[in-house]
Peer 1: 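Provided herewith is a single structure, encoded as structure tokens, for subsequent inquiry.
Each residue takes its place number in the sequence, starting with 1. Just so you know, these numbers come straight off a predicted model, no measurement behind them.
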Amino acid sequence: MTETIENLRDFNYYKLNTNKHVLVEYIWIDGTGERLRSKTKVYDTAIKSLEDVEWWTFDGSSTDQAITKFSEIFLKPVCMVRDPFRGDPHKFVLCETYKPDRKTPARFNFRWIAEKIMQEANECDPWFGVEQEYFMLKRTGTTHLWPLGWPIGGFPYPQGRYYCSIGERNNFGRALSEAHQRACLQAGLKLSGINSEVAPSQWEFQIGIAHGIEAGDHLWLARYILERLGEEFGIDINYDPKPIQGDWNGTGAHCNFSTNKTREVGGYEYIKEFILPLLEKNHQKMMLLYGLNNEARLTGKHETGEYNQFSWGDGSRGCSIRVPIITKELGKGYLEDRRPSANMDPYLVCSALVDATCMNGKNLMTLIELFAESLKQL
């Protein structure tokens, strides 16, 4: 790579030469709704399951989740995987956040309602595959960021040559993407692939096939690992739906979705006759849950449909919903929701898809109200 890699270091991985301690990294979504925080707790007992991990607290006034006068926020462990940096027996634990009563969800905690919806729709057996796109940005000077490999303050050759590319003139950031893939697999996450995307220094990783709530859990943990690796490479991870204005693709998080009925014989017709009308009916509501500033990306150009108009097509990448050709050929399978932006919360998106198609949209307004409440300033 021609770009200079700054701050390449191995500070995360010094060997812990003791069998007496387990380091547990508590991870949570902060008051931006898009970023993660974490801190480490040292245990002197074996950690075999979530039941072995205690609730903990943090200063919510420093994460925009509480005011200083009432700043304690509780961390409830909900998903545990291996720590790919420290190695066994150390753990990553994804947590839900709660106010001091331990019952009221803190700002941007939507996992609790997502789990409720998934449990209620359990008979539908929803499966997900999320295609998380992102840009790699480098610092120029002290404050400004620009895509990795791009001329500082300028633009590279037009997009097209960079998608699934190889070669030094086309591919920027493979080392970080490869490191991310391996760390996620080491952790035990359901990461199914990576590829460079249409714009230079734009990449994608895929989570899935994931069942129910684990789609959101695994995607958030994969984002965390990517950010941690970015620290080492001196690369900032950007999920803005349209980080570069002009003739460049925006950044999305396409969500592949299926139910037991779409996967059965006749599933293609079921998608056309039942699923798609429900998605069209609930289009405007669902768009409110699919990421902030998404209208800048969904213009009907650059492989997108239009923000305010529902559309679908067999094998089409210029619409709201793509029904893959393989689904049509087999007469069963899945659909791809191309509307979610890269900065979306997977708990909201996956819940909205399940609720709209399996539960007649009865919880959509609740999801919208919860999201709107979290967006309010404290």
Peer 1: Less than 4.0 Å between a side-chain N and a carboxylate O, is that true for Arg322 and Asp314?
Peer 2: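 No, Asp314 and Arg322 are not salt-bridged.
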Peer 1: Apart from Tyr163 itself, which Ile, Leu, Val, Met, Phe, Trp or Tyr residues share its cluster (side-chain heavy atoms under 4.5 Å, direct or through members)?
Peer 2: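 Members other than Tyr163 - counting any ILVMFWY side chain reachable under 4.5 Å - are Val198.
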Peer 1: Are Arg86 and Glu25 ion-paired here, with the side-chain N under 4.0 Å from a carboxylate O?
Peer 2: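 Between Glu25 and Arg86 there is a salt bridge, with a charged N closer than 4.0 Å to a carboxylate O.
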Peer 1: Determine whether the side chains of Arg161 and Tyr157 contain a donor N or O and an acceptor N or O closer than 3.5 Å.
Peer 2: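 No pair is found: no donor N or O on one side chain lies under 3.5 Å from an acceptor on the other.
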Peer 1: Examine Arg174 relative to Phe172 and say whether NZ or CZ is less than 6.0 Å from the centre of the six-membered ring and inside a 45° cone about the ring axis.
Peer 2: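 Output no; distance or angle outside limits.
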Peer 1: Between Phe155 and Trp146, is the gap from one ring center to the other below 6.0 Å?
Peer 2: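 Yes, ring centres under 6.0 Å apart.
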Peer 1: Quick one: which residue pairs count as a side chain to side chain donor-acceptor pair (under 3.5 Å) with a foot in residues 271-283, not counting sequence neighbours?
Peer 2: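 Output for this query lists His283-Arg339.
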Peer 1: Taking the six-membered ring for Trp and the full ring for Phe, Tyr or His, determine whether the centres of Trp112 and Tyr347 are under 6.0 Å apart.
Peer 2: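 No, the ring of Trp112 stays outside the 6.0 Å limit from the ring of Tyr347, centre to centre.
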Peer 1: Does His180 have its ring centroid less than 6.0 Å away from the ring centroid of Phe205?
Peer 2: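 Yes: the rings meet the under 6.0 Å criterion.
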Peer 1: Could you walk me through whether Thr251 and Asp240 pass the side-chain contact (heavy atoms from CB on, under 4.5 Å) test, one step at a time?
Peer 2: CA-CA 7 Å; Thr251 315; Asp240 192 292; over 6 Å; no
Peer 1: Which residues pass the ring pair (Phe, Tyr, Trp, His ring centres under 6.0 Å) test with Tyr26, sequence neighbours left out?
Peer 2: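 Here the qualifying residues are Trp56.
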Peer 1: Answer yes or no: are there more than 12 heavy-atom neighbours, outside Lys301 itself, under 6.0 Å from its atom NZ?
Peer 2: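 It does not: Lys301 NZ has 12 such atoms or fewer within range.
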Peer 1: Does any pair with a residue in residues 47-59 pass salt bridge (Lys or Arg N to Asp or Glu O under 4.0 Å), and if so which ones, sequence neighbours excluded?
Peer 2: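 Pairs touching residues 47-59 that pass the test: Lys41-Glu54.
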Peer 1: Are Arg223 and Tyr134 in a cation-pi contact, defined as NZ or CZ under 6.0 Å from the six-membered ring centre and within 45° of the axis?
Peer 2: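 Output no; distance or angle outside limits.
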Peer 1: Who passes side-chain hydrogen bond (donor to acceptor under 3.5 Å, both in side chains) against Ser374, sequence neighbours left out?
Peer 2: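 Scan of Ser374 (side-chain hydrogen bond (donor to acceptor under 3.5 Å, both in side chains), adjacent residues dropped) gives none.
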Peer 1: Do Asn195 and Gln206 have side-chain N/O donor and acceptor atoms under 3.5 Å apart?
Peer 2: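 The answer is yes; a qualifying pair exists.
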Peer 1: Would Asp30 and Arg35 pass as an ion pair if we require N to O under 4.0 Å?
Peer 2: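 Between Arg35 and Asp30 there is no salt bridge, as every charged N stays at least 4.0 Å from the carboxylate O atoms.
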Peer 1: Are Phe257 and Tyr334 an aromatic pair, judged by ring center distance below 6.0 Å?
Peer 2: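 So the answer is no for these two rings.
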Peer 1: Can you name the ring pair (Phe, Tyr, Trp, His ring centres under 6.0 Å) partners of Tyr290, sequence neighbours left out?
Peer 2: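 Tyr290 satisfies ring pair (Phe, Tyr, Trp, His ring centres under 6.0 Å) with no other residue.
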